[in-house]
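Since we're looking at a predicted model, the values are computed, not measured. Lettering of chains follows the sequences in order, A, B, ..., and the numbering in each one begins at 1. Hydrogens, waters and symmetry mates are skipped; everything else that's a heavy atom, side chains included, is used.
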Amino acid sequence: MKKRTEIILKILNVFAWIAFIALMVKAGAILFSYCYTIFKPEAAKNFYEGQNLYNFRLSHFWQYTLTVALRAIMPILESYTAYLIIRVLSKIKLSSPFTMEIANVLERISFFILATWAVTIMYNSFAAWLIKENPGLPLTIVSGDFIFLAGIVFVFAQIFKKGVELQSENELTV
Amino acid sequence: MPIIVNLDVMMAKRKMSLNELSEKVDLTLANLSILKTGKAKAIRFSTLEAICKALDCQPGDLLEFSKE
């Protein structure tokens with residue numbers, strides 16, 4: 001049973017690394033594309049995932065900048081969350097899993113998921129407003145169901161903290 | 001904590017070392033040290049029984065309640 005859990009945790013660690021690298025690449029691609037379009041606006045014709053933001057880039061530069069910034073912050077926050085998950089998975093020991101360090105990291109993960117949700121809501125509202133103002137603008141609305149996930153992780157972090165207390169009591173029982 | 005462990009007092013009265021007690025009650029030195037220094041959060045009845053047997057005393061001789 002313990003061995004099976006160890007294997008599952010190792011596989012999850014690999015997935016977390018893949019997610020971390022993929023999200024970093026995504027954030028890097030968006031930021032690089034943005035920097036490139038500052039000097040060469042034609043490049044906005046084929047922005048990230050083939051979006052044609054050329055006219056938008058030319059007519060509303062600062063709105064374009066804000067859109068790209070919000071779009072880039074999302075994968076940055078997500079990649080940091082993936083990094084925190086990697087930290088949890090690499091530090092957890094099945095012989096004594098409940099440590100305050102891991103509980104704190106879990107709590108931080110929930111806050112970062114909440115922050116990602118907040119940024120997603122901001123981006124979606126801004127994109128919806130932009131589409132209304134500029135019909136035909138090829139902006140996509142991003143799914144923002146993170147708040148539920150953030151709540152679950154936060155509850156797990158609190159339960160984990162109780163586990164830390166119980167473990168330390170158990171260790172100090174003679 | 002308001003519960004004081006007087007293990008060291010009883011050990012001194014019986015002129016028993018920590019190593020000797022550890023062997024008699026089958027507890028590790030680390031655990032006995034936790035108990036002796038008052039860091040323990042709980043004590044099992046089986047441990048208390050073994051220590052009382054080894055030191056020939058009552059639980060009340062080992063544990064004391066203080067309001068402070």
Side-chain angles (χ1 to χ4, degrees), chain A residues 1-10 12-13 16 81 84-114 150-174, chain B:
Chain A
M1 186 67 187
K2 202 175 171 185
K3 205 156 194 177
R4 199 180 143 203
T5 316
E6 271 173 15
I7 292 167
I8 291 169
L9 288 179
K10 272 183 188 163
L12 283 175
N13 201 1
T81 309
L84 291 176
I85 292 169
I86 291 166
R87 265 183 66 184
V88 168
L89 290 171
S90 56
K91 288 207 171 168
I92 203 159
K93 281 180 195 155
L94 285 180
S95 49
S96 56
F98 299 104
T99 62
M100 211 49 179
E101 193 186 357
I102 291 177
N104 288 335
V105 175
L106 277 177
E107 203 172 63
R108 207 182 305 165
I109 287 173
S110 73
F111 291 142
F112 271 89
I113 295 172
L114 191 71
I152 289 175
V153 176
F154 186 75
V155 168
F156 278 151
Q158 299 314 307
I159 294 171
F160 211 86
K161 277 190 176 172
K162 189 70 194 165
V164 174
E165 271 176 40
L166 289 174
Q167 187 178 277
S168 77
E169 254 179 42
N170 189 41
E171 278 168 359
L172 289 173
T173 297
V174 181
Chain B
M1 208 157 84
I3 299 291
I4 299 163
V5 181
N6 289 322
L7 184 64
D8 46 353
V9 178
M10 279 314 292
M11 280 166 60
K13 276 184 186 170
R14 301 287 184 261
K15 293 189 175 91
M16 198 181 280
S17 71
L18 206 63
N19 278 319
E20 209 179 323
L21 185 64
S22 160
E23 279 168 22
K24 278 191 175 178
V25 297
D26 199 25
L27 268 180
T28 60
L29 275 174
N31 274 342
L32 268 182
S33 181
I34 287 171
L35 191 62
K36 206 179 130 194
T37 51
K39 285 178 188 166
K41 286 199 174 180
I43 180 165
R44 290 189 191 91
F45 280 155
S46 56
T47 308
L48 196 58
E49 186 188 325
I51 294 173
C52 286
K53 220 177 252 177
L55 292 174
D56 189 26
C57 64
Q58 291 298 312
D61 298 329
L62 294 169
L63 303 172
E64 185 190 330
F65 173 72
S66 157
K67 277 185 181 172
E68 277 181 18

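When all heavy atoms of A/V174 and B/N31 are compared, the pair lying nearest together is CG2-O, 3.7 Å. Summarising the geometry of B/R44 relative to A/T173, their closest heavy-atom pair is NH1-O, 3.9 Å, with the distance given to 0.1 Å.
Looking at B/L27, only its side chain comes within 4.5 Å of chain A, counting heavy atoms on both sides.
Within a 6.0 Å sphere centred on CZ of B/F45, other residues, nucleotides and ligands contribute 12 heavy atoms or fewer.
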